[in-house]
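Quick note: residue numbers are just sequence positions, from 1. Counting starts at 1 for both ligands and their atoms, following the listed order. This is a predicted model, so every value here is computed, not measured.
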Amino acid sequence: MTVFFSFITCKLIIKDLWKMEKELKRHSFGGSSIIFLLAFPFLCVGLDFFWGNTIPFDRWVQYFSSSETSFIGRKAINKTHEDQEFMNFHLARLVRGDDLRNLESSGFACDKSLHSIVCISNQPTIIDTSNMTIYIPSFNSSQQETIIRPYARQEDIPKVISPVHVIQYKNTTEPPHCQYSHQIPAVIFSSASTGNVFHEMNEIIIPLYITTKHFQSRVLFILEDYKPSFMNKYNKVLSRLSGYSVINPAENGSILCFPGSITGLKYHNNLALNSTGIPGGYSMQDFKHFLIRAYSLKYTHVSEMSKPRLMLLSRTNTRRFLNEDEMVSIMKELGFQVIIVRRSKVISNLNIFSQMINSCSVLVGAHGAGLTNEIFLPSGAVMVQVELLGTEWASNTYYGDTARAMGVNYLRYKIEPEESSLVKLYGRNSSIVTDPGSFFYKVGNLRAARTAYLDQQNVRINLDRFRGTLVEALSIVTAFEQ
Ligand SMILES: *[C@@H]1O[C@H](CO)[C@@H](O)[C@H](O)[C@H]1NC(C)=O
Ligand SMILES: *[C@@H]1O[C@H](CO)[C@@H](O)[C@H](O)[C@H]1NC(C)=O
Ligand SMILES: *[C@@H]1O[C@H](CO)[C@@H](O)[C@H](O)[C@H]1NC(C)=O
Ligand SMILES: *[C@@H]1O[C@H](CO)[C@@H](O)[C@H](O)[C@H]1NC(C)=O
Ligand SMILES: *[C@@H]1O[C@H](CO)[C@@H](O)[C@H](O)[C@H]1NC(C)=O
Ligand SMILES: *[C@@H]1O[C@H](CO)[C@@H](O)[C@H](O)[C@H]1NC(C)=O
Ligand SMILES: *[C@@H]1O[C@H](CO)[C@@H](O)[C@H](O)[C@H]1NC(C)=O
């Protein structure tokens, strides 16, 4: 018994001595502490061995961990207290102005913006995962209920997002009893999605990064509308943002307790984050490096690659390249190694596909969700977007800005009317062909415009002109070669 105690006690003492060593060094007592450090374990084993019965184990522990008595104790940390401080500090960073004052005065605040609503609580939060009801104490005698659909840009697909009921219960009501308690805040969001990589990145992954990166993994995710396919695709990202297993409420059904919570995710812009609006000031470049680490990608910059490699995203339903073979011939002629990717399983397996994209220095594709994969390109790479008629605004807004913000060069290949299949369909002089801008925005035409430009349009690339764009791309990515 005594030997067992000695072992544990000395382990604790040695651990503290390491801290003491550091402390002494800081106060420049330098070398003398080493002797102390080496001698003390023997001393303590001896003491405990002979007087084991007179110096009870719990006294040792108390002495070396209590904040009153221990020399190092003043530095010793009350873990629970520290966790609480850490959480409160980082939760408060998610709200500003009136919202921050609300959080401080009532323990609960919602940040509402054009697209999203995020509610923060720094009070004990009880979550009934069987019907996603969240109980938070109210500071007064009235009960309030807030219904949240925890999805950034929730206006896009409101019906498929399951609601969360947040109840601020009055101080006379007894909330449900905890079955499991955690020391970190819960983050509740929905993975209801269509499997479309643009929407997943835009409305879940980037918002999740904006909302939780600064917690340094000390958060637990509760994923509503849980989809195994989503988890497979983004598990590497989720496990970098949270050090805990993701909870699927539909499967769990227990009553879980947390010291605080975040319901919903923040949203900034299309495939974008604004570093002034994110705790920690992370930028799109930081997000890229985060992805590189999460997916263990090989290249951070094109200069690390030995050969120019080009990936052509070949769409098979809409916005098809009608002379793809000729395009590929030119690419090969210019010296690119070419990878052609068609709609297939590989695209949705991000663990593999992110590596494939990352091994390319040039990505070429027509406007469409697949271009979201540009986020895996190394810095200094080139993204070539083929802008079909009527997609000019969307092309630039969705993928141009994102590429630039991530240090990827962005080249447009804006097609001429003659290259569009819409000429055959509507006539060269139809306003659909001659004036997409005004056709698109004429009231009532939005649906017709989407059908025409996004669904009915294919493109036969002008090879001479396209060669010019590829030559430019090649010169950019080979500029680093000696
Ligand atoms: C540690 O902090 C918690 C929360 O602030 C407090 O309830 C507890 O009494 C503290 N424990 C010690 C040993 O100071
Ligand atoms: C009670 O607190 C909530 C916010 O926690 C507030 O909206 C409400 O107005 C308060 N009610 C009273 C009667 O003070
Ligand atoms: C959730 O379930 C609990 C316990 O069954 C019930 O008291 C509560 O009213 C339910 N909440 C909603 C929003 O249905
Ligand atoms: C509940 O809150 C009200 C308003 O702040 C207060 O007057 C009342 O005493 C509280 N009741 C209990 C049981 O704490
Ligand atoms: C529910 O989640 C808790 C973690 O908070 C876990 O310990 C428990 O095993 C889960 N229960 C089920 C049925 O999955
Ligand atoms: C970023 O956010 C700040 C304030 O939050 C705003 O002033 C600025 O215009 C935003 N920048 C962009 C590019 O949206
Ligand atoms: C289109 O209009 C131009 C003059 O505006 C005319 O010369 C040409 O023949 C027209 N083409 C078609 C296919 O109608």
Colleague: Are the side chains of Gln456 and Tyr426 in touch, meaning some heavy atoms are under 4.5 Å apart?
Modeller: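 Of all side-chain heavy-atom pairs linking Tyr426 with Gln456, at least one is under 4.5 Å.
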Colleague: What are the polar N/O contacts of ligand 7 with the protein below 3.5 Å, with distances?
Modeller:
| from | atom 1 | to | atom 2 | distance (Å) |
| --- | --- | --- | --- | --- |
| ligand 7 | 2 (O) | Asn429 | OD1 | 3.3 |
| ligand 7 | 2 (O) | Asn429 | ND2 | 2.2 |
| ligand 7 | 11 (N) | Asn429 | ND2 | 3.0 |
| ligand 7 | 14 (O) | Asn429 | ND2 | 3.3 |

Colleague: Check whether any N or O atom of Thr133, backbone or side chain, sits under 3.5 Å from an N or O atom of ligand 3, and answer yes or no.
Modeller: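 In this structure, Thr133 places an N or O atom under 3.5 Å from an N or O of ligand 3.
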Colleague: Keeping to residues at least two apart or across chains, list the side chain to side chain donor-acceptor pair (under 3.5 Å) pairs with something in residues 229-238.
Modeller: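 Matches after skipping sequence neighbours: Glu200-Lys233, Glu200-Tyr234.
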Colleague: Is Ser138 reaching over with its side chain to a backbone N or O of Ile136, donor-acceptor style, under 3.5 angstrom?
Modeller: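 Judged by distance alone, no pair lies under 3.5 Å.
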Colleague: Around atom CD of Glu418, are there more than 12 heavy atoms from other residues, nucleotides or ligands closer than 6.0 Å?
Modeller: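 Count over threshold, so yes.
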Colleague: With a heavy-atom distance limit of 4.0 Å, tell me whether Leu256 approaches ligand 5 through its side chain, its backbone, both, or neither.
Modeller: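 For Leu256, the contact with ligand 5 is made by the side chain alone.
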Colleague: Can Gln355 and Tyr295 be counted as having a side-chain donor-acceptor contact under 3.5 angstrom?
Modeller: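 No donor-acceptor contact under 3.5 Å links the two side chains.
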Colleague: I want to know if ligand 3 touches His165 in the polar sense, i.e. an N/O pair below 3.5 angstrom.
Modeller: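 By distance alone, the answer is no.
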Colleague: Can you list the ligand 5 atoms lying under 4.0 Å from a non-hydrogen atom of Ile247?
Modeller: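 Within the 4.0 Å cut-off of Ile247, ligand 5 contributes 2 (O), 4 (C), 5 (O).
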Colleague: In this structure, does ligand 5 have an atom that sits under 4.0 Å from one of the heavy atoms of His182?
Modeller: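 The answer is yes, since His182 has a heavy atom less than 4.0 Å from ligand 5.
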Colleague: Is it the case that the ring center of Phe287 lies less than 6.0 angstrom away from the ring center of Tyr282?
Modeller: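 Not close enough - the centres of the two rings lie 6.0 Å or further apart.
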Colleague: Within the side chain of His214, is there an N or O that forms a donor-acceptor pair under 3.5 Å with the backbone of His90?
Modeller: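 The answer is yes, because a donor-acceptor pair under 3.5 Å joins these two groups.
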